[in-house]
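What follows is a short report on a single structure.
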Amino acid sequence: MIIAVASGKGGTGKTTVAVSLALSLLQRTSSQPTTSSTKPLIFVDCDVEEPNAAHFLKPTLEERKEVGQMIPEVDEDACTHCGRCAEVCQYNCIAVFGKKVMVFPDLCHGCGSCTLSCPVGAIHEVLHVMGTLERGRVGTATFAQGTLNVGQAMSVPIIRQLKQWLLTDAPSNQLAILDAPPGTSCPVVETLRGSDFVLMVTEPTPFGLHDLRIAVQVARDELKLPVAVVINRDGIGDRGVEDYCATEGIPILMRIPMTRRIAEGCADGKPLIDTAPEYRDRFVALQTSIERLVAMKPETSQ
């Protein structure tokens, strides 16, 4: 099962919830004997523009590799400058000016249309390095994160390859937790794609409600994924989020209050369950609730 932890906006505590869920499940597993029903845990930090789960999980990183996407490279000696490559490019990443062909790597989506369409075979593809992937261990769990290189414009290829690296050959009984980027743009959609459940972390403010509505529209209405909510900083703001969830039939699975103790712990870089140990069992119960909701998902939402 793949659980994506997302939010409509940054700063809601999304990583705090994702890390706390992972650590709670790890601690439960370590305190119990390993059986055939024990699920391997995988944690993937998909916020490649600013990954920070490692600050809390403190993984031992064992593998690292550069990744990117294939972009066109033109053999000017063979090129007839017919302009066909520029005509088929939907993203305007290749342009022909007289006897000169220019490629703009930041605009390229790696579709390969220009290479396939060149009538004289003057275009071949080369790897444009855009970031790095790292993989290691947190106790018995597998951890991975991606990092987009400074100055690169597109994070989706990094997220896609990060998920493939971790999830393609993973055991069928795995439990994967994906820490999604903030917002509702293409990187979030790529992270959520293929997940079994989306846990939305929000705050009870008008701003939090506004972005929660958009995030639910993307996850539930567009991607047809079951959604539930965790309210962080409970006790501030108003009842807008609660009323919205009640109207939309979205379950609220957990509330984390706005307390000085929790805020100081997060500021010191401590996981929530270290600052407030009573939440360990609550996060284990949260996972049980998610499994129940996934089992109830109608077949038509696949």
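Both backbone and side-chain heavy atoms feed into the values below; hydrogens, waters and symmetry mates do not. Quick note: residue numbers are just sequence positions, from 1.
- Remark: His210 NE2 is loosely packed, at most 12 non-hydrogen atoms of other residues, nucleotides or ligands lying under 6.0 Å away.
- Around atom CD of Glu50, no more than 12 heavy atoms belonging to other residues, nucleotides or ligands sit under 6.0 Å away.
- Panel note: side chain Asp196, backbone Ile2; a donor-acceptor pair is recorded below 3.5 Å.
- Between the side chain of Gln161 and the backbone N or O of Gly68, at least one donor-acceptor pair lies under 3.5 Å.
- Within the 4.5 Å cutoff, the side chain of Val230 has heavy atoms near those of the Met254 side chain.
- A donor-acceptor contact shorter than 3.5 Å links the side chain of Arg261 to the backbone of Thr275.
- Look at Lys9 and Glu203 and you find a salt bridge, because one of the NZ, NE, NH1 or NH2 atoms lies within 4.0 Å of a carboxylate O, short of that distance.
- Salt bridge Arg137/Glu63: absent, no basic N to carboxylate O contact under 4.0 Å.
- The closest side-chain heavy-atom distance from Gln287 to Ile3 is below 4.5 Å.
- Side-chain atoms of Lys14 come within 3.5 Å of backbone N or O of Ala180 as a donor-acceptor pair.
- The two residues Tyr279 and Ser24 have their closest heavy-atom pair at O-OG, 4.3 Å.
- Of the possible polar contacts, one joining the Gln69 side chain to the Cys108 backbone as a donor-acceptor pair under 3.5 Å is found.
- Residue Leu41 is not grouped with residue Leu162 when hydrophobic side chains (ILVMFWY) are merged at heavy-atom distances under 4.5 angstrom, including chains of intermediate members.
- Put simply, the side chain of His109 gets close to the backbone of Leu107: a donor and an acceptor are under 3.5 Å apart.
- Thr15 and Asp179 are linked by a side-chain donor-acceptor pair at a separation below 3.5 angstrom, with hydrogens and angles left out of the test.
- Without hydrogens or angle criteria, Thr205 side chain to Gly208 main chain gives a donor-acceptor distance under 3.5 Å.
- A donor-acceptor pair under 3.5 Å links the side-chain atoms of Arg135 to the main chain of Trp165, judged by distance alone.
- For the side-chain contact (heavy atoms from CB on, under 4.5 Å) criterion with Gln145, the lone passing option out of Leu133, Val44, Leu57, Asp45 is Asp45.
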CA sep, side-chain torsions, deciding dist, call: Arg239, Asp243, salt bridge (charged side-chain N to carboxylate O under 4.0 Å, His left out): CA-CA 6 Å; Arg239 289 186 52 83; Asp243 294 341; 3.6 Å; yes

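- Side chain to side chain, His128 and Glu73 fail the donor-acceptor criterion of an N or O pair below 3.5 Å.
- Residues Phe197 and Val227 share a closest heavy-atom pair of CZ-C, 4.1 Å.
- Using a distance-only test at 3.5 Å, with no hydrogens or angles considered, no donor-acceptor pair links the side chain of Lys100 to the main chain of Ala95.
- Classification of Arg260 and Glu264 as a salt-bridged pair holds, one side-chain N sitting under 4.0 Å from a carboxylate O.
- Under 4.0 Å is where a charged nitrogen must lie from a carboxylate oxygen, and between Lys99 and Glu76 no such pair does.
- Linking ILVMFWY side-chain heavy atoms closer than 4.5 Å, directly or via other members, places Leu166 and Val48 in a single hydrophobic cluster.
- The backbone N or O of Ala285 sits less than 3.5 Å from a side-chain atom of Ser289, completing a donor-acceptor pair.
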